[in-house]
There are 4 protein chains.
Amino acid sequence: MFNRIILIGRLTRDPELRYTQNGTTVATMTVAVNRPYTTKEGEKEADFIDVIAWNKLAEIVNEYGQKGRLALVEGRLQIRSYTDKEEKKRKVAEVVANNVRFLDKPKQAESGEEIDWSDFGTEIEVDEEDIPF
Amino acid sequence: MFNRIILIGRLTRDPELRYTQNGTTVATMTVAVNRPYTTKEGEKEADFIDVIAWNKLAEIVNEYGQKGRLALVEGRLQIRSYTDKEEKKRKVAEVVANNVRFLDKPKQAESGEEIDWSDFGTEIEVDEEDIPF
Amino acid sequence: MFNRIILIGRLTRDPELRYTQNGTTVATMTVAVNRPYTTKEGEKEADFIDVIAWNKLAEIVNEYGQKGRLALVEGRLQIRSYTDKEEKKRKVAEVVANNVRFLDKPKQAESGEEIDWSDFGTEIEVDEEDIPF
Amino acid sequence: MFNRIILIGRLTRDPELRYTQNGTTVATMTVAVNRPYTTKEGEKEADFIDVIAWNKLAEIVNEYGQKGRLALVEGRLQIRSYTDKEEKKRKVAEVVANNVRFLDKPKQAESGEEIDWSDFGTEIEVDEEDIPF
DNA sequence: TTTT
DNA sequence: TTTT
């Protein structure tokens with residue numbers, strides 16, 4: 001009845017853009033979120049959380065999100081079930097984003113390339129109806 | 001850096017209570033959260049989300065949570081990695097609760113048993129330091 | 001850059017429906033949210049939070065929300081400034097809802113009237129673009 | 001029964017530190033949160049939201065928070081009522097923080113002063129029991 | 001009294 | 001496969 005998750009973390013890699021068979025745009029990325037404690041050995045741990053974005057949000061994520069950028073992700077936690085090749089039931093957890101914001105300044109583009117600063121703090125939010133799955 | 005999830009859904013089964021080797025109490029349960037849409041075939045779908053609670057919160061969850069009850073769960077999404085028997089890397093997603101509240105009235109106890117109404121709307125919240133993992 | 005509030009509480013009165021000059025529907029209501037503690041005198045306290053909903057959400061809130069119902073409200077906190085009749089600057093805080101859900105069963109309608117159960121757990125969510133102010 | 005707010009915005013001024021009569025530390029600050037739209041005249045608007053932090057959190061906020069810094073604030077919305085000098089009932093809205101994080105790097109200290117970078121991304125979270133009001 |  |  002209610003499912004809301006809010007994450008702030010860094011992209012572990014550049015987002016990947018793909019298209020479904022009927023042409024819907026989808027972007028996937030992984031966000032590393034440091035845990036709120038250190039282990040007894042004094043080490044930091046992180047959760048690596050898969051995020052999926054659809055349509056216009058996918059395109060914006062793909063354009064502005066790069067490995068290392070600090071992102072705020074808002075969405076819902078989705079658990080997908082499937083059967084693997086060995087006929088075993090598996091589950092996949094991912095956050096279906098409806099809002100992504102980049103909180104740091106983009107990295108200086110390589111070799112003098114122009115930077116588009118307009119994304120800093122840009123609001124990218126989608127209606128639930130724009131999320132196909 | 002920030003990891004917050006808020007769920008409202010129903011317990012798919014009674015919580016399970018266990019103890020770690022050093023005696024820490026831990027409760028696990030699964031919450032079914034209906035998705036915010038119906039499929040093209042008009043079917044409702046749900047995400048079945050594993051929840052883990054520690055210490056005092058585990059005990060309260062175990063006492064007041066029963067299959068079918070409507071629960072609000074607040075916590076963080078944790079992704080644990082492990083290697084299975086076939087030496088394959090697997091991931092488990094679960095919500096580490098720091099706050100659980102039951103939003104409906106408890107089911108009438110069987111056979112005239114006394115009901116403890118005190119849990120209805122009770123605030124059960126734990127400090128991050130009370131969560132061992 | 002980010003402003004999200006989630007409340008669960010009870011309506012202190014039936015919602016009020018009005019229309020702006022250009023015909024936009026707007027509903028206002030107050031939600032009582034018990035505080036997470038009792039005072040030293042053992043008394044419960046509550047925050048009485050004004051909520052405003054626009055357009056289609058306003059109509060649904062008006063139809064299904066009645067005094068005493070348990071509601072989940074999601075939105076953003078808005079602080080409006082104005083000058084009162086004595087030329088003093090005043091501030092008003094209100095939650096602009098983009099999602100309202102009723103978590104309890106509706107009260108039995110008076111005098112044998114039919115009940116519409118369809119609202120129980122219904123998802124009512126609006127796009128940011130449907131919120132005029 | 002549930003009251004959670006999450007804000008990201010910039011401090012409009014340095015936090016103010018005070019002490020209650022019984023010696024409890026309290027910090028107040030205002031966070032400017034830009035609204036998710038521009039007006040028809042193309043202007044950006046912001047909500048100026050008062051935030052209050054207690055005890056250890058107050059001290060940390062006071063130490064690391066300066067005018068202009070980007071902060072994430074998590075807490076609950078509190079509406080306090082009081083009667084003013086003209087015997088009129090007034091209401092004050094403020095966020096009681098239980099978690100504050102600074103998301104940008106601190107400003108370079110003036111005149112070669114040493115910078116303490118340790119706060120960047122530091123987790124500052126308090127137990128509900130540490131919040132006196 | 002308002003931040004970038 | 002993991003980010004700062």
**Request:** Whole angstrom is fine here: how far is it from CG in N3(C) over to P in dT3(E)?
**Result:** 18 Å
**Message:** Output the rounded distance in Å from CG (L70(A)) to P (dT4(F)).
**Reply:** 11 Å
**Message:** So, using side chain to side chain donor-acceptor pair (under 3.5 Å) as the criterion, who are the partners of E43(A) when residues are at least two apart?
**Reply:** none
**Request:** Give the rounded distance in Å between these two atoms: CZ of R69(D) and P of dT3(E).
**Result:** 17 Å
**Request:** For I8(A) and dT4(F), give me the distance from atom CD1 to atom C1', rounded to whole Å.
**Result:** 14 Å
**Message:** Just to verify, what does T28(D) make a side chain to side chain donor-acceptor pair (under 3.5 Å) with, not counting sequence neighbours?
**Reply:** none
**Stepwise salt bridge (Lys or Arg N to Asp or Glu O under 4.0 Å) test for K91(D) and D50(C)** = CA-CA 11 Å; K91(D) 294 195 295 187; D50(C) 291 329; 3.3 Å; yes
**Asked** Of all the choices, dT3(F), dT1(F), dT1(E), which nucleotide is nearest to the side chain of K89(C) once you look at every atom?
**Response** dT1(E)
**Request:** Examine dT3(E): is either OP1 or OP2 under 4.0 Å from a nitrogen or oxygen in the side chain of K44(D)? Give yes or no.
**Result:** no
**Integer-rounded Å distance: dT3(F) P and D14(A) CG** = 12 Å
**Prompt:** Under 6.0 Å from the CD atom of Q21(B), do we count more than 12 heavy atoms belonging to anything else shown?
**Reply:** no
**Request:** Can you figure out which of dT1(F), dT3(F), dT4(E) approaches the side chain of R10(D) most closely?
**Result:** dT4(E)
**Fill in**
Winner on side-chain proximity to N34(A), out of dT2(F), dT4(F), dT2(E), is dT4(F)
**Item:** Euclidean distance, atom CZ of residue R80(C) to atom P of dT2(E) [Å, nearest integer]
**Value:** 19 Å
**Request:** Using atom CG of D50(D) as one end and atom C1' of dT3(E) as the other, report the distance to the nearest whole Å.
**Result:** 14 Å
**Message:** Nearest to the R13(A) side chain among dT1(F), dT3(E), dT3(F), which nucleotide is it?
**Reply:** dT1(F)
**Request:** Provide, to the nearest angstrom, the distance between the CD1 atom belonging to I49(D) and the P atom belonging to dT3(E).
**Result:** 15 Å
